[in-house]
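In what follows, a structure is listed as structure tokens, so that the remarks can point back to it.
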Amino acid sequence: MRGFRDVFGADADNLTQLEASARKIFKLYSVAELRIPTVELKELFVKATGDTTDIVQKEMYAFEDAGGRLLALRPEGTPGVARAYIENNFAQTSPVQRFFYIGNMFRAERPQAGRYREFEQIGAEFLGAAAPATDAEAILLLKDIITDFGVKNYSVKINSLGCAKCRPAYRQQLIEFFSAQKDNLCDKCLSRLQKNPLRVLDCKIDGEKFKNSVPKQQLCGACANHFTEVKNLLEGKINFEADPMLVRGLDYYTGTVFEFLAGASAQNAIAGGGRYDTLIKSMGGADAAAIGWAMGAERVCAARGQNTAAQDKKVFVVCMDQAGNKMAFNLMQTLRAAGIITEGGLFDKNLKTQMKQADRSRANFAIIIGGDEVKNNTAVLKNLQSGEQKTLPITEVATSI
Ligand code: AMP
């Protein structure tokens, strides 16, 4: 099906490695896993993600179940995390929470390179924390994960969207500015103009066109101080650019927003996030400030490319004599118990086929057991790169790899 894929080989390995880097760094930052459901009430995303967003208007896989409930496959993780925070009474029991999630998201977008209909996001959400230090921590957490994974070339943009105090005036200013430019706006921006004028800044066509002339946001004192403090904390720890045109596509953002970009294509956003200080309250929860981000796992993998780090050694066990099958099988288990990656067991096939499979499996060594070896309780250890081989007592194989 278009936009849905089977993931295997190097692609699957890369995703697993990224998840491992993420879990390692999440632990260092004391961020705990939250497993949220794949399916939620459609209403959750309409309210939280926002009914003016492309995600909700055009891209959501929504359906009615047999019980007549309107459900949706999650297009993003933040609404589910916010719902979980409310439903599990965290605001009352333990208001400061640091969660991460790893899971597949679903959006009916036009499939193309780096854009799938089912894709993986790794996300973090810090709830019940309003200080600028939390914003800086969230951004550095993201940086540390992609650095640990091995992404080298990326850039970071940050901005502040202001709060309920300073944003409405800017919104109005933008509506007035763009209304005077109606003839110069693309169709999408014309329809965004009244409902979500900030999104015009985000438009690849109009954002670029009005980059220099559009009025820039004047933050209120509190927002300006907060943003300055975030930038101060980040200074020297990460290269970033403050970009007043960065608005992000979702409705719930307030204050700090940020994006990590790699490469030059339109699908170059590898991760993004921001504050959403009013979302939880607007969903019927407590007045809890929060900030979060999500990275597109496939795009982060593409930004790194193949893993060049040394791989663990791997062994392929070959047996050419029925009488040696048990001995070879036992050796496979002994090697695994010694922490060595081991494949083999195709003992019903001839030597040539087993050796061919050893090459295909990218093993470093083949261990070959034939009639002589069975008799002498030995094995032949063959280095598949150099072709060198030697015969060893079976008990010494594991320590000779
Ligand atoms: P968003 O939730 O829209 O802020 O997206 C966060 C990140 O998820 C983006 O920066 C992308 O890396 C990734 N992403 C979003 N949509 C897709 C998609 N359709 N396919 C693959 N990755 C995506």
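Quick caveat, the model's predicted, so the values are computed rather than measured.
With a 4.5 Å cut-off on side-chain heavy atoms, I369 and D321 do not count as touching. Contact check for E259 versus L246: side-chain heavy atoms found under the 4.5 Å cut-off. Inter-residue side-chain proximity for I401 and F365 is flagged as met; some heavy-atom pair is nearer than 4.5 Å. Residues L174 and F210 form no side-chain contact, since every pair of their non-hydrogen atoms from C-beta on lies 4.5 Å or further apart. You'll find the side chain of V96 stays beyond 4.5 Å of the side chain of L127, heavy atoms only. Between I280 and I86, some side-chain heavy-atom pair lies under the 4.5 Å cut-off. Looking only at side-chain heavy atoms (C-beta outward), E109 and Y116 stay at 4.5 Å or farther from each other. Taking 4.5 Å as the limit, every side-chain heavy atom of E298 sits out of range of all side-chain heavy atoms of V7.
Between I175 atom CD1 and Q194 atom CD the span is 5.0 Å, to the nearest 0.5 Å. The distance from atom CG of D13 to atom CG of N307, rounded to the nearest 0.5 Å, is 8.5 Å. In this structure, CD in Q218 is found 7.5 Å from CD in Q173, a value given to the nearest 0.5 Å. Here the straight-line distance linking atom CD of E120 with atom SG of C301 works out to 8.0 Å at 0.5 Å rounding. Rounding to the nearest 0.5 angstrom, the gap separating the SG atom in C166 from the CD atom in Q217 is 5.5 Å. In this structure, E76 CD and Q121 CD are separated by 7.5 Å, a value rounded to the nearest 0.5 Å.
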**OP:** Step by step, work out the side-chain contact (heavy atoms from CB on, under 4.5 Å) result for L381 and Q389.
**Re:** CA-CA 5 Å; L381 178 66; Q389 60 178 60; over 6 Å; no
**OP:** Before giving the answer on salt bridge (Lys or Arg N to Asp or Glu O under 4.0 Å), spell out for K314 and E343 the whole-Å C-alpha distance, their side-chain angles and the decisive distance to 0.1 Å.
**Re:** CA-CA 8 Å; K314 180 169 167 179; E343 202 180 318; 3.1 Å; yes
Subject >> Pair F178-L185, side-chain contact (heavy atoms from CB on, under 4.5 Å): steps then yes or no >> reply: CA-CA 8 Å; F178 286 122; L185 291 181; 3.9 Å; yes
Subject >> Pair L351-V318, side-chain contact (heavy atoms from CB on, under 4.5 Å): steps then yes or no >> reply: CA-CA 7 Å; L351 175 66; V318 170; 3.8 Å; yes
Subject >> Worked verdict on M295 versus I146 for side-chain contact (heavy atoms from CB on, under 4.5 Å) >> reply: CA-CA 9 Å; M295 69 169 81; I146 62 171; 4.1 Å; yes
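Contacts of R83 classified as side chain to side chain donor-acceptor pair (under 3.5 Å), with partners at least two apart in sequence or in another chain: E40, E87.
The environment of CD in E388 is sparse: at most 12 heavy-atom neighbours from other residues, nucleotides or ligands sit within 6.0 Å. Remark: D187 CG is loosely packed, at most 12 non-hydrogen atoms of other residues, nucleotides or ligands lying under 6.0 Å away. Counted within 6.0 Å of NZ on K42, heavy atoms from surrounding residues, nucleotides or ligands total 12 or fewer; the atom is thus considered open. Atom CD of Q57 sits in a crowded spot, with more than 12 heavy atoms from other residues, nucleotides or ligands closer than 6.0 Å. Heavy-atom neighbours of R35 CZ from other residues, nucleotides or ligands within 6.0 Å: at or below the threshold of 12. A 6.0 Å sphere centred on NZ of K216 holds more than 12 heavy atoms belonging to other residues, nucleotides or ligands. Under a cut-off of 6.0 angstrom, the local environment of NZ in K313 is sparse, with at most 12 non-hydrogen atoms contributed by other residues, nucleotides or ligands. By the 6.0 Å contact criterion, OH on Y61 is enclosed, its count of non-hydrogen atoms from other residues, nucleotides or ligands being greater than 12.
In this model, no donor atom of one side chain and acceptor atom of the other lie less than 3.5 Å apart for R362 and Q311. A side-chain N or O of N104 and one of E118 form a donor-acceptor pair less than 3.5 Å apart. A donor-acceptor contact closer than 3.5 angstrom links the side chains of T353 and N350. Side-chain atoms of Q333 and N330 form no donor-acceptor pair, as typed in the model, at a separation below 3.5 Å. Looking at T78 and E125, their side chains do bring a donor and an acceptor atom within 3.5 Å of each other. In the model, E373 has no side-chain atom that pairs as donor or acceptor with a side-chain atom of T391 under 3.5 Å.
Closest heavy-atom contact between C186 and I205: CB-CD1, 4.4 Å. Across all their heavy atoms, V374 and G324 have their closest contact at CG2-CA, 3.5 Å. Among all heavy-atom pairs drawn from I36 and G77, the shortest one is CD1-O, 3.6 Å. The two residues N325 and C319 come nearest to each other via the heavy atoms OD1-SG, 3.6 Å. Closest of all the heavy-atom pairs between R192 and C203 is NH1-CB, 3.7 Å. Among all heavy-atom pairs drawn from I270 and A303, the shortest one is CG2-CB, 4.3 Å.
Of the possible donor and acceptor atoms, one in the side chain of N88 sits under 3.5 Å from a partner among the backbone N and O of A84. No side-chain donor-acceptor contact under 3.5 Å links R275 to the backbone of V257. At distances below 3.5 Å, not a single donor-acceptor pair connects side-chain atoms of K195 with backbone N or O atoms of S191. Of the possible polar contacts, none joining the T49 side chain to the V46 backbone as a donor-acceptor pair under 3.5 Å is found. Checked by atom type and distance alone, the side chain of N89 never pairs as donor or acceptor with a backbone atom of Q92 at under 3.5 Å. No side-chain donor-acceptor contact under 3.5 Å links W293 to the backbone of A124. Panel note: side chain D148, backbone D144; no donor-acceptor pair is recorded below 3.5 Å. Judged purely by atom type and a 3.5 angstrom limit, D135 has no side-chain atom pairing as donor or acceptor with the backbone of V230. In this structure, the side chain of Y170 engages the main chain of P215 through a donor-acceptor pair within 3.5 Å. Panel note: side chain T134, backbone A130; no donor-acceptor pair is recorded below 3.5 Å.
Remark: aromatic rings of F99 and F90 are close, center separation under 6.0 Å. Between Y253 and Y276, the distance from one ring center to the other does not fall under 6.0 angstrom.
Salt bridge status for E64 with R69: absent, with no side-chain N to carboxylate O gap under 4.0 Å. Salt bridge D206/K209: present, at least one basic N to carboxylate O contact under 4.0 Å. The residues E43 and K47 are annotated as salt-bridged, a charged nitrogen and a carboxylate oxygen being separated by less than 4.0 angstrom.
Remark: of the listed residues T52, T53, D202, T52 is the sole one forming a side chain to side chain donor-acceptor pair (under 3.5 Å) with N196. When the options R23, R98, K27 are evaluated for a salt bridge (charged side-chain N to carboxylate O under 4.0 Å, His left out) with E33, the one that passes is R23.
A cation-pi arrangement, defined by a distance under 6.0 Å to the six-membered ring centre and an angle within 45 degrees of its axis, is absent between R74 and F106.
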